[in-house]
Amino acid sequence: MNVEAKYRAASLYVGDLHTDVTEDLLFKKFSAVGPVLSIRICRDLVSRRSLGYAYVNFLQPADAQKALDTMNFDLIEGKSIRLMWSQRDAHARKSGIGNVFIKNLDKSIHNKVLYELFSAFGKILSAKVMSDEQGSKGYAFVHFQDQSAADRAIEEMNGQLLGDCRVFVGRFKSRKDREAELRTQASEFTNVYIKNFGDDMDDERLKDIFSKYGQTQSVRVMTDPSGKSKGFGFVSFDSHEAAKRAVEDMNGKNINGQPVFVGRAQKKVERQAELKERFEELRKARIRASRGAKLYIKNLDDTIDDEMLRKEFSAFGAVSRVKVMQEEGQSKGFGLVCFSSPEEAARAMAEMNGRTLGTKALHIALAHRP
DNA sequence: AATGAGCGT
């Protein structure tokens, strides 16, 4: 074995390091196992800030093995370090072979316990419970060296009760694969959401209306505590084809004399994510629209308030917002006026800049940050 | 509910 290969065999990767951890500290820690040839904490080229991982190069491979066996998940600066053999082949690390995803993991289960639980199935390259300042996030990854070990772990562990939770254990899927899978599931929906049918509705009648599209599994009109319809409900069909027909045929049709919305039922989180995204879009659009349409006004007379400012500026266009900045009910002497277009704002600035309002001459500029 | 991050001299 040449020199390089020999040292390679004694190199450990240390991940999940606190950024304050120094070479010195690591040297002291790992020297307790055996002679350390070198330590390298990887740092940002410019800021020199730790990237949160390091290499520990032992002189003897046996010492590296010993460190791996005895120091994995030890806490440094309160963070559990993750030890692995240095594996420089990116494909070997990222192929996903042998990688297992675990969710619904009892929060009391930490890295070491996870490692011990799963090492029964084969050699583990890396194990990690995802966590934040609050502790475990309830999901984890165990990367086995061999796919066969991963398969055994899935077979044996999926659905087991660990602590108070029945864990899910399955093959790891990349984000891309996972998203594709979710899209496929969504496209094969069987559950249908119906809204805007008013309060004159019950399960039986809703079932009557939708049964013509296929066999239903469950039909439910959502009600308030007094039992009154909330105007929306769900119909779950046996087949996707039936659900699809129901959506295609019923969406926009009248029930109780009003057009109803009929579409794929979304999960709550999915719906929330969509609403959030839509809200974000709206916010961005508003910012885009207000670019160049917002005036910053200084040297305001103390007596000028929102209403007066609005009145003065409305002559130049549609004022969407006015605000005289205040502190303890007292004008701070400056404010903002937003128009619906940059043209209106420019006109207002040309006409009003320097004009006296009350006792003082206005100083107007375009507000830069919308 | 949740499908990482991470590889140098």
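Throughout, a chain's letter reflects where its sequence line sits, starting with A, and its residues are numbered from 1.
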- Between dG8(B) atom P and Asn57(A) atom CG, what is the distance in whole Å? 13 Å
- Rounded to the nearest Å, what distance is computed from the CG atom of residue Asp16(A) to the P atom of nucleotide dG4(B)? 15 Å
- Query: Over how many whole Å does the gap from Lys128(A) atom NZ to dA5(B) atom C1' extend?
  - Reply: 6 Å
- Query: When all nucleic acid strands are considered with a 4.0 Å heavy-atom cut-off, which category describes Asn104(A): base, sugar-phosphate, or nothing?
  - Reply: base
- Determine if Phe172(A) stacks with dT3(B); use a centre-to-centre distance below 5.5 Å and an interplanar angle below 30° as the criteria. no
- Within the 6.0 Å centroid threshold, strictly below: Tyr13(A) and Tyr53(A): yes
- Query: For dG6(B), is chi within 90° of 0 (syn) or not (anti)?
  - Reply: anti
- Item | Nucleotide of dT3(B), dG4(B), dG6(B) approaching Phe101(A) most closely (side-chain heavy atoms) | dT3(B)
- Task: Give a yes/no answer on whether the side chain of Arg82(A) brings an N or O atom under 4.0 Å of OP1 or OP2 in dG6(B).
- Result: no
- Mind calculating the distance between CZ (Phe141(A)) and C1' (dG4(B)) to the nearest angstrom? 5 Å
- Could you tell me the separation between the CG atom of Leu51(A) and the C1' atom of dG6(B), rounded to a whole number of Å? 11 Å
- Message: Considering every strand and a 4.0 Å limit on heavy-atom distances, what is the contact class for Arg175(A): base, sugar-phosphate, or nothing?
- Response: sugar-phosphate
- Item | For atom CG of Leu83(A) and atom P of dG6(B), their distance in whole Å | 16 Å
- Query: In terms of ring plane angle, is the pair Tyr193(A) and Phe234(A) parallel, tilted or perpendicular, where the classes change at 30° and 60°?
  - Reply: tilted
- Query: Between the side chains of Asn256(A) and Arg205(A), does any donor sit under 3.5 Å from an acceptor?
  - Reply: yes
- Task: Determine the contact category for Gly138(A): base if any of its heavy atoms lies under 4.0 Å from a base atom, sugar-phosphate if only primed atoms, P, OP1 or OP2 are that close, otherwise nothing.
- Result: base
- Message: Under a 3.5 Å threshold, yes or no: a donor from one side chain and an acceptor from the other, between Thr359(A) and Asp301(A)?
- Response: yes
- Between dC7(B), dG4(B), dA2(B), which nucleotide gets closest to the side-chain atoms of Tyr139(A)? dA2(B)
- Task: Indicate, with a heavy-atom threshold strictly under 4.0 Å, whether Lys94(A) touches base, sugar-phosphate, or nothing.
- Result: base
- If you check every side-chain atom of Lys103(A), which of dG4(B), dT3(B), dC7(B) has the closest atom? dT3(B)
- Does Tyr55(A) lie flat on the base of dG8(B), that is, centres under 5.5 Å apart and planes under 30° off? yes
- Task: Mind calculating the distance between CG (Asn99(A)) and C1' (dG6(B)) to the nearest angstrom?
- Result: 12 Å
- CZ (Arg49(A)) with more than 12 external heavy atoms under 6.0 Å: no
- Task: Would you classify Tyr53(A) as touching base, sugar-phosphate or nothing, given that sugar-phosphate means primed atoms plus P, OP1 and OP2, and contacts are heavy atoms under 4.0 Å?
- Result: sugar-phosphate
- Note on the structure: When rounded to whole Å, the CG to P distance for the pair Leu114(A) and dG4(B) reads 16 Å
